[in-house]
Number of protein chains: 2
Amino acid sequence: MALNRQRVLDAAVELADRDGIESLSMRRLSQELGVVPMALYKHVANKEELLNGMVEVLIAEIAPAAADIHWKSAVRARVLSARRSLQRHAWARQVIESRTGKSQAVLGYLDSVIGMFLAGGFSVDLTHHVMHAFGSRVWGLTQEVFEDPPATAPMDPAMFAHLAQLYPNVARMAGAADHDDSTVGQGCDDQFEFEFALDLLLDGFERLRDTGWSSRRSA
Amino acid sequence: MALNRQRVLDAAVELADRDGIESLSMRRLSQELGVVPMALYKHVANKEELLNGMVEVLIAEIAPAAADIHWKSAVRARVLSARRSLQRHAWARQVIESRTGKSQAVLGYLDSVIGMFLAGGFSVDLTHHVMHAFGSRVWGLTQEVFEDPPATAPMDPAMFAHLAQLYPNVARMAGAADHDDSTVGQGCDDQFEFEFALDLLLDGFERLRDTGWSSRRSA
DNA sequence: ACCTGAACACCGTTCAAGT
DNA sequence: ACCTGAACACCGTTCAAGT
């Protein structure tokens, strides 16, 4: 019954899951826990530390690394597992991307992925650049640029014609995506797009490894 | 002297440039303009619309598309130009990534990039997936996972040894990056990392185009 | 050691009123 | 048409005090 760090973090995660990250305030969270706002500050230093703690909770949910021998499927499986975990928490993307300092949990996860590349015969040099190229995709994040328009409004044809005139290429592309599922305004298959990009990167990494790429030669 | 939308947006950009995005509040901005907070609401509907307007200002600064014939160098130049523009505004990444609705300015920029792929012989289908794989990198954004530690604290050796034991692979990689510039704790060359990833993606796109990739065959 | 109460210095935004 | 004043319902956090 006594408050402690874990209880605070779990309640924060639950509140953010339920009502959205914009509803997570120290005051609201304290209310949820039946306690006065300042009581929280005995268990987390401030709101920043609360958010860091939430990321720890998140990472703890990622499935442990598979004992797979092949580096490519090992990395693939781990990233897709991270993706599944993060998808369970709508606030994850925004919170992870807003953290600057690396918590222990974050370092631990990155260490395991780096280890997979090294075990796969990647040089330390190449691994370094490869991890940068991966970017937030190691977390299974998609960094979308086209947010699918909310499927509620199916877009009236006059409006579409107007937009098609202003942005003909966007219109062609949107049309093509629709035809594939033979539904209109259906949007894209996020999982397909993610795996497309993931495999593109992994194949690229492999090719560089096989050709003995090094930053010295390239610069 | 009279307030108008452009004056409000320009002042917001200047304030965010100077004092950081966390200092940009409607109240503070109104103060900067020598006006009462509510005066702003005649020119922008709310804070969300203010932020959208700031992104418009940003995009207007991106150099127009080069009349280059080769799709690859055209895309490359445009993305790197976007990157230079966004780098002039420290708040750009955070604000762009937090916008969901696509403003006209955003659509216009995306339309031009899509057009470059289509002109380069990419199918509409492939272009669609390629744009997804690009993600926020079309803006020149890096979606870093290792923020370089603030160069102020050079990290004492005992601390480093401790971390190296917990995260051996991270330590090896950090060590390798340091050795390349023969300085310690110097961090990475962001521009190099960005172009590494950019070229990796562009080469991958090209390869898929040349092998006649289509989502139908792949699924 | 842990929780409380009151206060401080802020937010974004509504509403009715002024010129 | 454009700006104002006062108010509402919030924030995160400090500080001194309670048990």
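Since this is a predicted model, take the numbers as computed values, not measurements. Here is the naming used below: chain letters follow the sequence lines, and residue numbers restart at 1 for every chain. The figures here come from the full heavy-atom set of this structure, side chains too, leaving out hydrogens, waters and symmetry mates.
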Rounded to whole angstrom units, what separation is found between the [atom1] atom of [X] and the [atom2] atom of [N]?
| X | N | atom1 | atom2 | answer |
| --- | --- | --- | --- | --- |
| N46(A) | dC11(D) | CG | C1' | 14 Å |
| Q31(B) | dC11(C) | CD | P | 8 Å |
| E22(A) | dC11(C) | CD | C1' | 16 Å |
| M26(B) | dT14(C) | CE | P | 10 Å |
| R7(B) | dC3(D) | CZ | C1' | 14 Å |
| R27(A) | dA6(C) | CZ | P | 13 Å |
| R28(B) | dA9(C) | CZ | P | 16 Å |
| L24(A) | dC10(D) | CG | P | 16 Å |

Please answer whether the main-chain N or O of H89(B) pairs with a side-chain N or O of D17(B) as donor and acceptor at a distance below 3.5 Å. no

Atom CD of Q104(B): over 12 foreign heavy atoms under 6.0 Å: no

Give the nucleotide from the list [options] with an atom nearest to the side chain of [X].
| X | options | result |
| --- | --- | --- |
| L3(A) | dC3(C), dT13(C), dC3(D) | dC3(C) |
| V35(B) | dG5(C), dT4(D), dT13(D) | dT4(D) |
| Y41(B) | dG5(C), dC3(D), dT13(C) | dT13(C) |
| A39(B) | dT13(C), dC3(D), dT13(D) | dC3(D) |

Looking at H43(A), I'd like to know whether one of its side-chain N or O atoms comes within less than 4.0 Å of OP1 or OP2 on dC2(C). no

First encountered from the 5' end of DNA chain D, between P37(A) and K42(A):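 Going by which nucleotide is closer to the 5' end, it is P37(A).
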
Can you work out whether S25(A) or M38(A) has the more 5'-proximal nearest nucleotide on DNA chain D?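 First, find each residue's nearest nucleotide; the 5'-ward one identifies S25(A).
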
Which base, if any, makes a Watson-Crick or G-U wobble pair with dC8(D), both distances under 3.5 Å? dG12(C)

Which whole number of Å gives the distance between the [atom1] atom of [N] and that of [M]?
| N | M | atom1 | answer |
| --- | --- | --- | --- |
| dC2(D) | dA17(C) | C1' | 13 Å |
| dC3(D) | dA16(C) | C1' | 13 Å |
| dA9(D) | dA9(C) | P | 23 Å |

Given side chain to side chain contact (heavy atoms under 4.5 Å, CB included), test L200(A) with L200(B) step by step and report yes or no. CA-CA 9 Å; L200(A) 190 71; L200(B) 190 71; over 6 Å; no

Can you measure from CG (L80(B)) to OG (S73(B)) and round to the nearest 0.5 angstrom? 11.0 Å

What I want to check is whether the side chains of R83(B) and T142(B) have a donor and an acceptor closer together than 3.5 Å.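 Note: R83(B) and T142(B) side chains meet the donor-acceptor criterion.
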
